[in-house]
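Residues: numbered from 1 along the sequence shown.
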Amino acid sequence: SYKKDWTGIAKTYSETSSAMLILFLLSIIFIYAILAVQFDSFIDPLIILFTIPLACSGALLVMYITGGTLNIYSQVGLITLIGLITKHGILIVEFANKLHAQGNSLLVSIQQSATLRLRPILMTTGAMIAGSIPLILSSSAGSEARHAIGMVLVSGLGIGTLFTLFVLPSLYYMVKSISLR
């Protein structure tokens, strides 16, 4: 009788990939639950969580273009990216909700929110990207792990922030205008 079994890196990847998928889903559920309590809404967290696929797709695209692999380190970077990119959505949605509660129209609220929160979002992104650049530039022992995490963070935050600034306000306006009817 013959038996097929993975060895080495392939064995480690196959063992950890299912656990990482569960961890990825649990982190999204955990963030959704916290945001639902914070916003007293089930819709606002969905709008905020829409930033996650935008950032992750940007990170995965850059990894594909540069020849990177989806290993344990890049997966850790993706989970870190979830927490970092949702902060942008929180800043925009929370401020837009406050402006709308003060009596502004939905369109004015999201426009002012995106405009007034642009600087804090760009500063957060810039600080995190500047902090992740040394991970990419390192050349000491174990630098492959740091390169993977750094590439995911830098590309995911850069592309995710760009998408968030343009897509999230439109999505907010569409979803809120439907839900307020």
For residues 155-169, run the donor-acceptor check on the side chains, cut-off 3.5 Å, and write out each pair with its distance to 0.1 Å, sequence neighbours left out.
from : atom 1 : to   : atom 2 : distance (Å)
S155 : OG     : M151 : O      : 2.5
T161 : OG1    : H88  : NE2    : 3.1
T161 : OG1    : T125 : OG1    : 3.0
T161 : OG1    : L157 : O      : 2.6
T164 : OG1    : G160 : O      : 2.5

Subject >> Separation of Q112 CD from Q102 CD (nearest 0.5 Å) >> reply: 9.0 Å
**OP:** Kindly compute the distance separating CG (L99) from CG (N104), expressed to the nearest 0.5 Å.
**Re:** 5.5 Å
Subject >> Distance (rounded to the nearest 0.5 Å) between R119 CZ and L91 CG >> reply: 12.5 Å
Which pairs would a plain distance check flag for residues 24-42, meaning a side-chain donor or acceptor within less than 3.5 Å of a matching protein atom at least two apart in sequence or in another chain?
from : atom 1 : to  : atom 2 : distance (Å)
S27  : OG     : L23 : O      : 3.4
S27  : OG     : F24 : O      : 2.6
Y32  : OH     : F42 : O      : 3.0
S41  : OG     : I43 : N      : 3.0
S41  : OG     : D44 : N      : 3.2

Subject >> Contact check, side chains of I48 and Y172, non-hydrogen atoms, under 4.5 Å >> reply: no
Original post:
When rounded to the nearest 0.5 angstrom, what distance separates CG in L81 from CD1 in I149?
Top reply: 12.0 Å
**OP:** Measure the shortest side-chain to side-chain distance between L137 and P134 over non-hydrogen atoms and say whether it is less than 4.5 angstrom.
**Re:** no
Subject >> OG-NE2 distance between S105 and H100, expressed to the nearest 0.5 angstrom >> reply: 8.5 Å
**OP:** Indicate yes or no: at least one non-hydrogen side-chain atom of K87 is less than 4.5 angstrom from one of T124.
**Re:** yes
Subject >> Contact summary for S74 and A148, nearest pair of heavy atoms >> reply: N-CB, 4.0 Å
In a table with atom names and distances, give each donor-acceptor pair under 3.5 Å that connects a side chain of residues 56-68 to protein atoms at least two apart or in another chain.
from : atom 1 : to  : atom 2 : distance (Å)
S57  : OG     : P53 : O      : 2.8
S57  : OG     : L54 : O      : 3.0
T66  : OG1    : V62 : O      : 2.9
T66  : OG1    : M63 : O      : 3.3

**OP:** Report the distance from atom CZ of F95 to atom CD1 of I110, rounding to the nearest 0.5 Å.
**Re:** 11.0 Å
**OP:** Decide yes or no on side chain to side chain contact (heavy atoms under 4.5 Å, CB included) for I92 and I121, but give the supporting numbers first.
**Re:** CA-CA 9 Å; I92 293 174; I121 288 171; 3.6 Å; yes
Original post:
Can you get from V175 to L107 by hopping between Ile, Leu, Val, Met, Phe, Trp and Tyr side chains that sit under 4.5 Å apart?
Top reply: yes
**OP:** Following the transitive rule for hydrophobic clusters with a side-chain heavy-atom cut-off under 4.5 Å over Ile, Leu, Val, Met, Phe, Trp and Tyr, establish whether L106 and M174 coincide in one cluster.
**Re:** yes
Original post:
Under a 4.5 Å side-chain heavy-atom rule over Ile, Leu, Val, Met, Phe, Trp and Tyr, are L171 and L118 clustered together?
Top reply: yes
**OP:** Can you run down the salt bridge (charged side-chain N to carboxylate O under 4.0 Å, His left out) pairs that involve residues 52-67, sequence neighbours left out, and say none if there aren't any?
**Re:** none
**OP:** Compare every heavy atom of I85 with every heavy atom of A55, then report the nearest pair and how far apart it is.
**Re:** CB-CG1, 3.7 Å
Original post:
Just by distance, do the side chain of T86 and the backbone of I52 share a donor-acceptor pair under 3.5 Å?
Top reply: no
Using a 3.5 Å cut-off and no angle test, enumerate the donor-acceptor pairs between side-chain atoms of residues 126-133 and protein atoms at least two apart in sequence or in another chain.
from : atom 1 : to   : atom 2 : distance (Å)
S132 : OG     : M128 : O      : 2.9

Original post:
Do you reckon L116 sits in the same ILVMFWY cluster as I47, going by side-chain contacts under 4.5 Å, direct or chained?
Top reply: no
Subject >> Pairs where residues 138-161 contributes a residue and the test salt bridge (charged side-chain N to carboxylate O under 4.0 Å, His left out) is met, not counting sequence neighbours >> reply: none
